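Reckoned from all heavy atoms, side chains included, excluding hydrogens, waters and symmetry mates. Lettering of chains follows the sequences in order, A, B, ..., and the numbering in each one begins at 1. The model shown is predicted, which means the values in this text are computed figures rather than measured ones.
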Protein chains: 2
Amino acid sequence: MGRRSDHSREELQAMIIEATLTLVRDRGADKVTARQIATAVGYTPGMLYSVFINLQDIFLHVNEIGLRTLHALCAEAVSENATPEEAIKAMGLAYLRFAGTHTHQFDLMFTRSIQQPEMPPPGLDNQIRTLFELVEFQLRRLNASATDEEVHLGARALWSGVHGTAALRLSDQLYLDAPDADRDIVELLVTSFVQYWRA
Amino acid sequence: MGRRSDHSREELQAMIIEATLTLVRDRGADKVTARQIATAVGYTPGMLYSVFINLQDIFLHVNEIGLRTLHALCAEAVSENATPEEAIKAMGLAYLRFAGTHTHQFDLMFTRSIQQPEMPPPGLDNQIRTLFELVEFQLRRLNASATDEEVHLGARALWSGVHGTAALRLSDQLYLDAPDADRDIVELLVTSFVQYWRA
DNA sequence: CATGAAATTGAACAATGTTTAATAAAAAGG
DNA sequence: CCTTTTTATTAAACATTGTTCAATTTCATG
């Protein structure tokens, strides 16, 4: 059969990404196949390649969504009149919570083998940067006399800790006594860094 | 052809792991195929399955080596008469250096999709624990009045930071100005935490 | 109504991990 | 030293994978 034209190109693109997202959420990215995605949207595998370059390209677009929601969750986590320290803690815990609830998605976003794509979807980098900026903003509030470079570095140090906690916990490599001790780790990390940052 | 018996079972196991290790080092784990390993050791792919359960099993044994060298490098990095802070810094930088030089190996060890193996090779867990113990030892030296639980948590907080830095840097998600600013991050992380830990 | 363009398919391709019956060689037994 | 048994290894097959592309069917246009 030829053209069905039930859907425009953009609709198809959205459907594919949406379908892939739910498949990833259910079974994890490495169990998601092109044929699964195709049947999920009611087409044949070949069609996918008229909309995307390849599977990796689709996953990249799925990650774009993941980063958006992760950013939103972190931003929402800080309450109106929170101190900078509270804000950073809240964001760190939100990050951790996302990793715990959207396990497979987080896995696809971060703990996947390293191979830079030919043409990364625009705005993917900037979105990660935006995440850092949330922390940078609070660090500035906390210490107005810090230089740009100090803020830049501080945010990355702090966030490396949060990310590392989430990543190691996800792969069960933290060897914690209590099951939710990862939250304690993030709080400890933030407390100690903020105390240093103030001085 | 039937039995060649050029090599004992243990020899074969060692050869396979060794061959896989160099293949991983060269091209990265996801580009290593069963047939490549087989030809590297001068056999056919089927033979691998009389020694190991499957490919993942082989990779797990490769990781055992990786963890051993990583541990060794961290342990060696602390000089004889170093202060605890210097020691931790040195270990953190060694960790970072390993991630940079043994990129694909580090990738296989940590930033790989999460799926617990049926039968993890014995001693793999304990080896990660041993890495933490290196840090715990220094934290104890630094503050003798800390409880076991505090030391446990502190070491994990500190190491999450180091690991997170290495992991994010490897996937180019730190967005650093200077190429070796990751070292600065680790130093900042250690300095700030140690200062908090002392008090 | 016919012609063209375009979307979608279906079937193929090469490569993957893994299984298994056949086979070659060594070991054991007489 | 020949025969038998055991065992290591292979060769070939299998099901799936991502990806490509000529063929086909449908829509839009003249």
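- At whole-Å resolution of the value, NE2 in H7(A) and P in dT8(C) are 9 Å apart.
- Residues satisfying the salt bridge (charged side-chain N to carboxylate O under 4.0 Å, His left out) criterion with R9(A), sequence neighbours excluded, are absent altogether.
- Contacts of T39(B) classified as side chain to side chain contact (heavy atoms under 4.5 Å, CB included), with partners at least two apart in sequence or in another chain: none.
- Screening residues 66-82 of chain B for side-chain hydrogen bond (donor to acceptor under 3.5 Å, both in side chains), with sequence neighbours left out, gives no hits.
- Taking E85(B) as the reference, K89(B), R198(B) meet the salt bridge (charged side-chain N to carboxylate O under 4.0 Å, His left out) condition, with sequence neighbours excluded.
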Sort me out a list of protein N/O and nucleotides 18-22 of chain D N/O pairs below 3.5 Å, or just none if empty.
{"from": "dG18(D)", "atom 1": "OP1", "to": "A34(A)", "atom 2": "N", "distance (Å)": "3.3"}
{"from": "dG18(D)", "atom 1": "OP2", "to": "A34(A)", "atom 2": "N", "distance (Å)": "3.0"}
{"from": "dG18(D)", "atom 1": "N7", "to": "R35(A)", "atom 2": "NH2", "distance (Å)": "2.9"}
{"from": "dG18(D)", "atom 1": "O6", "to": "R35(A)", "atom 2": "NH2", "distance (Å)": "3.1"}
{"from": "dT19(D)", "atom 1": "OP2", "to": "Y49(A)", "atom 2": "OH", "distance (Å)": "2.6"}
{"from": "dT19(D)", "atom 1": "OP2", "to": "L55(A)", "atom 2": "N", "distance (Å)": "3.0"}
{"from": "dT19(D)", "atom 1": "O5'", "to": "Y49(A)", "atom 2": "OH", "distance (Å)": "3.2"}

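- One atom, CD of E10(A), and another, C1' of dA7(C), lie 14 Å apart when rounded to the nearest Å.
- For the pair I37(A) CD1 and dT17(D) P, the interatomic distance rounds to 11 Å; values are reported in whole Å.
- A salt bridge (Lys or Arg N to Asp or Glu O under 4.0 Å) check over residues 142-151 of chain B, counting only residues at least two apart or in different chains, returns the pairs R140(B)-D148(B).
- What separates CG of L48(B) from C1' of dT19(C) is a distance of 13 Å, to the nearest Å.
- Residues R129(A) and E136(A) are not paired through a salt bridge, judged by the lack of any N-O separation under 4.0 Å between the basic side chain and the carboxylate.
- The NZ atom of K31(B) sits 12 Å away from the P atom of dG17(C) (whole-angstrom rounding).
- The distance from atom OH of Y43(B) to atom P of dT10(D) is 7 Å, rounded to the nearest whole Å.
- If you check every strand for non-hydrogen atoms under 4.0 Å, L12(A) touches sugar and phosphate atoms only.
- Rounded to an integer number of Å, the gap from CD of Q13(A) to P of dT8(C) is 14 Å.
- Rounded to an integer number of Å, the gap from CD of Q36(A) to C1' of dA15(D) is 15 Å.
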